[in-house]
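So the structure is just underneath, and the comments pick up after that.
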Amino acid sequence: MRTVGILGGMGPEATVLLMQKIIAAVPARDDADHIPLIVDQNSQVPSRIARLIEGTGGDPAPVLVAMAKRLEGAGAMALAMPCNTAHHYAGDIRAAVNIPFLDMVAASARAALAVAGLGGKVGLLASPAVAKVGLFDGALAALGLEVVHPDDGAALLDAIREIKAHGPTDAARAALQAASGALLAKGAEVQLIACTEFSLIADAVAPGARAIDTLDVLVNEIVGFARASA
(Lines give C-alpha, C1' and ligand atoms only; values in the text may rest on other atoms or scores of the structure.)
Protein backbone atom coordinates (compact mmCIF):
# COMPACT_ATOMS: atom_id res chain seq x y z
CA MET A 1 0.00 0.00 0.00
CA ARG A 2 1.25 3.46 -0.90
CA THR A 3 0.29 6.41 1.28
CA VAL A 4 -1.72 9.26 -0.26
CA GLY A 5 -1.77 12.79 1.14
CA ILE A 6 -5.06 14.71 1.04
CA LEU A 7 -5.21 18.49 0.70
CA GLY A 8 -8.50 18.84 2.53
CA GLY A 9 -10.81 21.29 4.24
CA MET A 10 -12.38 22.63 1.02
CA GLY A 11 -14.92 21.99 2.42
CA PRO A 12 -14.48 19.87 5.53
CA GLU A 13 -17.56 17.69 4.92
CA ALA A 14 -16.44 16.94 1.38
CA THR A 15 -13.07 15.77 2.71
CA VAL A 16 -14.75 13.47 5.21
CA LEU A 17 -16.99 12.14 2.42
CA LEU A 18 -13.90 11.39 0.33
CA MET A 19 -12.40 9.38 3.19
CA GLN A 20 -15.67 7.47 3.68
CA LYS A 21 -15.82 6.66 -0.02
CA ILE A 22 -12.20 5.44 -0.01
CA ILE A 23 -12.93 3.15 2.92
CA ALA A 24 -16.04 1.81 1.18
CA ALA A 25 -14.13 1.22 -2.07
CA VAL A 26 -11.58 -1.15 -0.54
CA PRO A 27 -12.46 -4.79 0.23
CA ALA A 28 -11.08 -5.21 3.72
CA ARG A 29 -11.12 -7.79 6.49
CA ASP A 30 -8.91 -5.86 8.88
CA ASP A 31 -7.56 -2.33 9.46
CA ALA A 32 -4.35 -3.11 7.60
CA ASP A 33 -6.28 -3.77 4.39
CA HIS A 34 -7.26 -0.10 4.12
CA ILE A 35 -5.39 2.65 2.29
CA PRO A 36 -3.09 4.78 4.46
CA LEU A 37 -3.97 8.47 4.21
CA ILE A 38 -2.38 11.61 5.59
CA VAL A 39 -5.06 14.31 5.67
CA ASP A 40 -4.46 18.03 6.06
CA GLN A 41 -7.97 19.19 6.96
CA ASN A 42 -7.15 22.86 6.48
CA SER A 43 -10.32 24.93 6.62
CA GLN A 44 -8.18 28.09 6.52
CA VAL A 45 -7.35 27.93 2.82
CA PRO A 46 -8.43 31.32 1.42
CA SER A 47 -11.80 31.25 -0.32
CA ARG A 48 -11.53 30.19 -3.95
CA ILE A 49 -14.91 31.81 -4.60
CA ALA A 50 -13.77 35.16 -3.18
CA ARG A 51 -10.51 35.05 -5.12
CA LEU A 52 -11.75 33.86 -8.51
CA ILE A 53 -15.27 35.32 -8.69
CA GLU A 54 -15.18 38.41 -6.51
CA GLY A 55 -11.50 39.30 -6.94
CA THR A 56 -11.07 39.70 -3.21
CA GLY A 57 -9.41 37.75 -0.43
CA GLY A 58 -6.08 36.02 -0.13
CA ASP A 59 -4.34 33.86 -2.70
CA PRO A 60 -4.96 30.15 -2.05
CA ALA A 61 -1.83 29.08 -3.96
CA PRO A 62 0.80 29.67 -1.22
CA VAL A 63 -1.35 27.91 1.37
CA LEU A 64 -1.95 24.93 -0.92
CA VAL A 65 1.76 24.74 -1.73
CA ALA A 66 2.62 24.72 1.98
CA MET A 67 0.09 21.94 2.57
CA ALA A 68 1.54 19.89 -0.29
CA LYS A 69 5.06 20.25 1.07
CA ARG A 70 3.93 19.24 4.56
CA LEU A 71 2.20 16.16 3.23
CA GLU A 72 5.23 15.15 1.17
CA GLY A 73 7.46 15.67 4.21
CA ALA A 74 5.12 13.52 6.31
CA GLY A 75 5.54 10.59 3.94
CA ALA A 76 2.82 10.95 1.31
CA MET A 77 3.75 9.26 -1.97
CA ALA A 78 1.08 11.09 -4.00
CA LEU A 79 -1.30 13.98 -3.43
CA ALA A 80 -5.03 14.35 -4.00
CA MET A 81 -7.35 17.33 -3.47
CA PRO A 82 -11.13 16.94 -3.10
CA CYS A 83 -11.96 20.41 -4.38
CA ASN A 84 -12.59 21.01 -8.06
CA THR A 85 -12.14 24.78 -8.04
CA ALA A 86 -8.84 24.53 -6.18
CA HIS A 87 -7.49 22.55 -9.14
CA HIS A 88 -7.00 25.97 -10.73
CA TYR A 89 -3.82 25.96 -8.61
CA ALA A 90 -2.73 22.44 -9.53
CA GLY A 91 0.28 23.75 -11.44
CA ASP A 92 1.59 25.51 -8.33
CA ILE A 93 1.18 22.33 -6.30
CA ARG A 94 2.95 20.14 -8.88
CA ALA A 95 5.86 22.56 -9.11
CA ALA A 96 6.36 22.50 -5.33
CA VAL A 97 6.70 18.74 -4.75
CA ASN A 98 8.45 15.69 -6.15
CA ILE A 99 5.52 13.29 -5.89
CA PRO A 100 2.56 12.78 -8.25
CA PHE A 101 -0.56 14.92 -8.06
CA LEU A 102 -3.68 12.85 -8.81
CA ASP A 103 -5.59 15.27 -11.02
CA MET A 104 -9.35 15.06 -10.47
CA VAL A 105 -10.12 17.29 -13.45
CA ALA A 106 -8.10 15.31 -16.00
CA ALA A 107 -9.39 11.98 -14.66
CA SER A 108 -12.99 13.21 -14.71
CA ALA A 109 -12.64 14.36 -18.31
CA ARG A 110 -11.53 10.84 -19.25
CA ALA A 111 -14.46 9.38 -17.33
CA ALA A 112 -16.85 11.69 -19.18
CA LEU A 113 -15.44 10.60 -22.54
CA ALA A 114 -16.03 6.96 -21.64
CA VAL A 115 -19.73 7.69 -21.03
CA ALA A 116 -20.51 10.46 -23.54
CA GLY A 117 -18.36 9.24 -26.42
CA LEU A 118 -16.40 11.37 -28.87
CA GLY A 119 -18.27 14.56 -29.74
CA GLY A 120 -20.68 14.16 -26.84
CA LYS A 121 -22.04 16.98 -24.72
CA VAL A 122 -20.99 17.17 -21.08
CA GLY A 123 -22.79 19.45 -18.63
CA LEU A 124 -21.00 20.92 -15.63
CA LEU A 125 -22.66 21.20 -12.23
CA ALA A 126 -20.08 23.39 -10.56
CA SER A 127 -19.23 26.71 -8.99
CA PRO A 128 -19.34 29.57 -11.51
CA ALA A 129 -15.65 30.00 -10.70
CA VAL A 130 -15.04 26.76 -12.61
CA ALA A 131 -16.65 28.26 -15.71
CA LYS A 132 -14.91 31.62 -15.25
CA VAL A 133 -11.41 30.10 -15.28
CA GLY A 134 -12.30 27.43 -17.85
CA LEU A 135 -11.12 24.71 -15.51
CA PHE A 136 -12.79 21.80 -17.29
CA ASP A 137 -13.19 23.38 -20.71
CA GLY A 138 -9.71 22.65 -21.97
CA ALA A 139 -9.54 19.13 -20.56
CA LEU A 140 -12.90 18.16 -22.07
CA ALA A 141 -12.34 19.91 -25.40
CA ALA A 142 -8.98 18.18 -25.78
CA LEU A 143 -10.85 14.86 -25.69
CA GLY A 144 -13.35 15.98 -28.32
CA LEU A 145 -16.19 16.76 -25.93
CA GLU A 146 -18.55 19.74 -25.98
CA VAL A 147 -18.84 21.55 -22.65
CA VAL A 148 -22.22 22.88 -21.52
CA HIS A 149 -22.36 25.32 -18.61
CA PRO A 150 -25.51 26.12 -16.63
CA ASP A 151 -27.14 29.47 -17.37
CA ASP A 152 -27.90 30.22 -13.72
CA GLY A 153 -24.49 30.05 -12.09
CA ALA A 154 -25.66 32.37 -9.32
CA ALA A 155 -28.22 29.81 -8.13
CA LEU A 156 -25.54 27.13 -7.96
CA LEU A 157 -23.23 29.48 -6.06
CA ASP A 158 -26.03 30.14 -3.57
CA ALA A 159 -26.49 26.36 -3.20
CA ILE A 160 -22.78 25.87 -2.53
CA ARG A 161 -22.87 28.56 0.16
CA GLU A 162 -26.01 26.99 1.61
CA ILE A 163 -24.27 23.61 1.93
CA LYS A 164 -21.14 25.14 3.45
CA ALA A 165 -23.23 26.99 6.04
CA HIS A 166 -26.01 24.50 6.78
CA GLY A 167 -25.07 21.18 5.19
CA PRO A 168 -27.26 19.45 2.59
CA THR A 169 -30.63 21.20 2.56
CA ASP A 170 -33.83 20.92 0.53
CA ALA A 171 -33.08 24.31 -1.03
CA ALA A 172 -29.66 23.17 -2.21
CA ARG A 173 -31.11 19.96 -3.60
CA ALA A 174 -33.78 21.90 -5.49
CA ALA A 175 -31.17 24.22 -7.00
CA LEU A 176 -29.00 21.32 -8.16
CA GLN A 177 -31.97 19.50 -9.67
CA ALA A 178 -33.10 22.63 -11.51
CA ALA A 179 -29.61 23.19 -12.96
CA SER A 180 -29.34 19.54 -13.92
CA GLY A 181 -32.73 19.70 -15.65
CA ALA A 182 -31.66 22.81 -17.56
CA LEU A 183 -28.53 21.02 -18.78
CA LEU A 184 -30.68 18.11 -19.93
CA ALA A 185 -32.80 20.54 -21.91
CA LYS A 186 -29.63 21.67 -23.68
CA GLY A 187 -28.85 18.09 -24.68
CA ALA A 188 -26.26 17.43 -21.98
CA GLU A 189 -27.39 14.08 -20.64
CA VAL A 190 -23.92 13.30 -19.27
CA GLN A 191 -23.20 15.67 -16.39
CA LEU A 192 -20.17 16.11 -14.18
CA ILE A 193 -20.89 16.85 -10.53
CA ALA A 194 -17.88 19.14 -10.41
CA CYS A 195 -18.18 20.64 -6.95
CA THR A 196 -17.49 18.46 -3.94
CA GLU A 197 -20.22 20.29 -2.00
CA PHE A 198 -22.61 18.90 -4.61
CA SER A 199 -21.11 15.45 -4.02
CA LEU A 200 -22.97 15.59 -0.70
CA ILE A 201 -26.28 15.80 -2.63
CA ALA A 202 -25.29 13.87 -5.76
CA ASP A 203 -28.62 12.02 -5.77
CA ALA A 204 -30.45 15.31 -6.39
CA VAL A 205 -29.69 15.48 -10.13
CA ALA A 206 -32.63 15.55 -12.51
CA PRO A 207 -34.22 12.25 -13.60
CA GLY A 208 -32.61 11.13 -16.83
CA ALA A 209 -29.21 12.70 -16.15
CA ARG A 210 -26.20 10.40 -16.36
CA ALA A 211 -24.19 11.95 -13.57
CA ILE A 212 -20.50 11.35 -12.92
CA ASP A 213 -19.35 12.54 -9.50
CA THR A 214 -15.80 13.87 -9.75
CA LEU A 215 -15.27 12.85 -6.14
CA ASP A 216 -15.94 9.23 -7.10
CA VAL A 217 -13.45 9.59 -9.93
CA LEU A 218 -10.85 10.86 -7.47
CA VAL A 219 -11.56 7.91 -5.18
CA ASN A 220 -10.78 5.54 -8.04
CA GLU A 221 -7.53 7.39 -8.74
CA ILE A 222 -6.48 7.22 -5.09
CA VAL A 223 -7.35 3.55 -4.72
CA GLY A 224 -5.62 2.67 -7.97
CA PHE A 225 -2.43 4.50 -7.00
CA ALA A 226 -2.32 3.23 -3.43
CA ARG A 227 -2.83 -0.41 -4.38
CA ALA A 228 -0.48 -0.43 -7.40
CA SER A 229 3.07 -1.68 -7.16
CA ALA A 230 5.55 1.08 -6.47
Side-chain angles (χ1 to χ4, degrees), residues 6-11 14-15 18 42-68 79-97 101-113 116 120-164 175-176 179-180 182-183 186 188 190-199 211-215 217-218 221:
I6 307 297
L7 291 90
M10 303 170 281
T15 305
L18 173 74
N42 187 359
S43 58
Q44 303 306 304
V45 178
S47 169
R48 286 69 58 204
I49 290 172
R51 183 73 173 185
L52 297 175
I53 297 178
E54 300 163 0
T56 62
D59 185 357
V63 180
L64 295 171
V65 163
M67 292 168 68
L79 298 174
M81 183 165 60
C83 176
N84 289 272
T85 309
H87 275 65
H88 179 63
Y89 306 99
D92 298 282
I93 294 168
R94 286 193 187 92
V97 296
F101 177 78
L102 305 179
D103 192 320
M104 178 163 59
V105 172
S108 296
R110 295 192 296 270
L113 176 63
K121 290 185 177 182
V122 178
L124 288 183
L125 294 166
S127 161
V130 166
K132 184 174 182 179
V133 301
L135 186 63
F136 278 88
D137 296 59
L140 290 167
L143 297 178
L145 296 166
E146 181 181 345
V147 185
V148 183
H149 293 285
D151 291 328
D152 194 356
L156 287 179
L157 183 57
D158 287 344
I160 291 167
R161 286 175 165 151
E162 174 84 4
I163 294 167
K164 285 183 180 292
L176 186 65
S180 177
L183 290 174
K186 291 183 174 184
V190 177
Q191 300 176 8
L192 285 176
I193 298 174
C195 173
T196 51
E197 257 66 57
F198 292 152
S199 297
I212 300 169
D213 190 343
T214 59
L215 196 66
V217 174
L218 186 59
E221 293 292 301

Closest approach of [X] and [Y], non-hydrogen atoms and distance?
{"X": "Phe198", "Y": "Ala159", "value": "CE2-CB, 3.9 Å"}
{"X": "Ser47", "Y": "Ala50", "value": "OG-N, 2.9 Å"}
{"X": "Ile93", "Y": "Ala68", "value": "CG2-CB, 3.9 Å"}

Once rounded to the nearest 0.5 Å, what's the spacing between atom [atom1] of [X] and atom [atom2] of [Y]?
{"X": "Ser108", "Y": "Leu218", "atom1": "OG", "atom2": "CG", "value": "7.5 Å"}
{"X": "Met104", "Y": "Leu215", "atom1": "CE", "atom2": "CG", "value": "6.5 Å"}
{"X": "Ser127", "Y": "Leu156", "atom1": "OG", "atom2": "CG", "value": "8.5 Å"}
{"X": "Phe101", "Y": "Asp92", "atom1": "CZ", "atom2": "CG", "value": "10.5 Å"}
{"X": "Ser43", "Y": "Lys164", "atom1": "OG", "atom2": "NZ", "value": "10.0 Å"}
{"X": "Ser199", "Y": "Leu125", "atom1": "OG", "atom2": "CG", "value": "10.5 Å"}

Is the closest side-chain heavy-atom distance between [X] and [Y] below 4.5 Å?
{"X": "Leu64", "Y": "Met10", "answer": "yes"}
{"X": "Tyr89", "Y": "Val65", "answer": "no"}
{"X": "Arg94", "Y": "Asp103", "answer": "yes"}
{"X": "Ile6", "Y": "Met81", "answer": "no"}
{"X": "Thr196", "Y": "Asn84", "answer": "yes"}
{"X": "Thr85", "Y": "Leu52", "answer": "yes"}
{"X": "Met67", "Y": "Val45", "answer": "yes"}
{"X": "Leu79", "Y": "Leu102", "answer": "no"}

Given 3.5 Å as the limit, does a donor-acceptor pair link the side chain of [X] with the main chain of [Y], or not?
{"X": "Arg51", "Y": "Gly57", "answer": "yes"}
{"X": "Thr15", "Y": "Gly9", "answer": "yes"}
{"X": "Gln191", "Y": "Ser180", "answer": "yes"}
{"X": "Thr214", "Y": "Ile193", "answer": "yes"}

Pro46: which residues meet the side-chain contact (heavy atoms from CB on, under 4.5 Å) condition with it, sequence neighbours left out?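 Listed in chain order: Pro60, Val63.
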Step through the shown structure and confirm whether more than 12 heavy atoms of other residues, nucleotides or ligands are within 6.0 Å of CD on Gln44.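 No, because the 6.0 Å sphere around CD of Gln44 holds 12 heavy atoms or fewer from other groups.
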Report all side-chain donor-acceptor pairs from residues 133-151 shorter than 3.5 Å, counting only partners two or more places apart or in another chain.
from, atom 1, to, atom 2, distance (Å)
Asp137, OD1, His149, NE2, 3.3
Asp137, OD2, His149, NE2, 3.0
Asp151, OD1, Lys186, NZ, 2.7
Asp151, OD2, Lys186, NZ, 3.3

